Amino acid sequence: MLGLGSAPSPSATFVNHRYTCTYRLSWGPLVLSVTESDGVPAARAYFDSLRTDRTTAVALSGLASLGLPAFETPNGMVAFLKDDKTLQVDASAMTSLIGPQRLTRSGVAYQIATDVLACWNGE
């Protein structure tokens with residue numbers, strides 16, 4: 001999708017039940033994170049607080065949400081709630097157009113998130 005010559009090596013951290021991978025790309029950092037909560041209700045509360053904290057967030061619905069609670073921001077962050085985990089993909093610090101297809105930050109974040117969810121088996 002991004003036309004990279006090879007797979008990038010992320011820097012990764014695990015702090016407070018949140019696993020974060022930062023990919024330093026030529027267009028800027030792409031940050032993926034998964035936060036594991038203590039059960040589905042706690043995950044929903046965490047997800048809802050993320051959305052509330054982002055006043056420009058817009059709910060994704062229909063096919064775009066893949067049947068999951070999800071939102072995106074105009075500057076390039078998307079979040080999905082699946083089971084007791086919250087996936088965030090943040091492309092907001094990247095350039096406005098990315099890769100050979102000149103994708104938007106929001107487009108990149110959404111595509112990466114849906115790719116992750118497509119192979120997520122819930123474990």
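What you see is a predicted model, and the numbers here were worked out from it, not measured in a lab.
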Exercise for the section: Give a yes or no on whether Leu32 and Tyr46 share a hydrophobic cluster (residues Ile, Leu, Val, Met, Phe, Trp, Tyr; joining criterion: side-chain heavy atoms under 4.5 Å apart). Expected result: no
Practice task
Would you check if the side chain of Arg102 reaches a backbone N or O of Leu97 as a donor-acceptor pair within less than 3.5 Å?
Solution key: no
Fill in the blank from the handout: Scanning both residues in full, the closest heavy-atom pair of Ala109 with Gly76 reads CB-O, 3.4 Å
Practice task
Taking side chain to side chain donor-acceptor pair (under 3.5 Å) as the test, write out the residues that go with Gln111, two or more places apart.
Solution key: Asp115
Handout entry: Short side-chain to backbone donor-acceptor contact, Ser65 and Gly67, under 3.5 Å
Key = yes
Practice task
May I ask whether Phe47 and Trp120 are part of the same hydrophobic cluster, defined by side-chain heavy atoms of I, L, V, M, F, W, Y residues being less than 4.5 angstrom apart, directly or through others?
Solution key: no
Completion exercise
When rounded to the nearest 0.5 Å, the distance separating CG of Asn75 from OG1 of Thr104 is 11.0 Å
Practice task
Please check if Leu60 and Leu66 belong to a single hydrophobic cluster, counting links between Ile, Leu, Val, Met, Phe, Trp and Tyr side chain heavy atoms closer than 4.5 Å.
Solution key: yes
Practice task
Rounded to the nearest 0.5 Å, what's the gap from OG on Ser26 to CD1 on Ile98? Could you check?
Solution key: 9.5 Å
Exercise for the section: Verify the cluster assignment for Phe71 and Val31: are they in a single hydrophobic cluster under the rule of side-chain heavy atoms below 4.5 Å apart? Expected result: no
Handout entry: Closest approach of Thr20 to Ser33 (non-hydrogen atoms, all atoms of both residues)
Key = OG1-CB, 3.7 Å
Exercise for the section: Determine whether Leu87 and Lys82 make a side-chain contact, defined as any pair of heavy atoms from C-beta on separated by less than 4.5 Å. Expected result: no
Practice task
Could you tell me whether the side chain of Tyr110 and the main chain of Ala64 form a donor-acceptor pair under 3.5 Å?
Solution key: yes
Problem - Interatomic spacing from OG1 in Thr35 to OH in Tyr19 - rounded to 0.5 Å - result: 13.0 Å
Exercise for the section: May I ask you to decide if Arg18's main-chain N or O and Asn16's side chain share a donor-acceptor pair within less than 3.5 Å? Expected result: no
Fill in the blank from the handout: Taken in chain and number order and not counting sequence neighbours, the residues that satisfy ring-ring contact (aromatic ring centres under 6.0 Å, His included) with Phe80 are none
Exercise for the section: Would you check if Thr114 and Val78 make a side-chain contact, meaning some heavy-atom pair closer than 4.5 Å? Expected result: no
Problem - Pairs touching residues 30-44 that satisfy salt bridge (charged side-chain N to carboxylate O under 4.0 Å, His left out), sequence neighbours left out - result: Glu36-Lys85, Arg44-Asp48
Handout entry: Hydrophobic cluster identity match, Leu25 and Val89, side-chain contacts under 4.5 Å
Key = yes
Handout entry: Nearest-0.5 Å distance, OG1 of residue Thr22 to CG of residue Leu30
Key = 8.5 Å
Completion exercise
Between Glu72 and Ser106 the two heavy atoms that sit nearest each other are OE1-CB, 4.4 Å
Practice task
State the CZ-OG1 distance between Arg51 and Thr73, to the nearest 0.5 angstrom.
Solution key: 11.5 Å
Problem - Closest non-hydrogen atom pair, Gln88 against Ala79 - result: CG-CB, 4.1 Å
Problem - Nearest-0.5 Å distance that lies between atom CG in Leu68 and atom CG in Leu81 - result: 7.5 Å
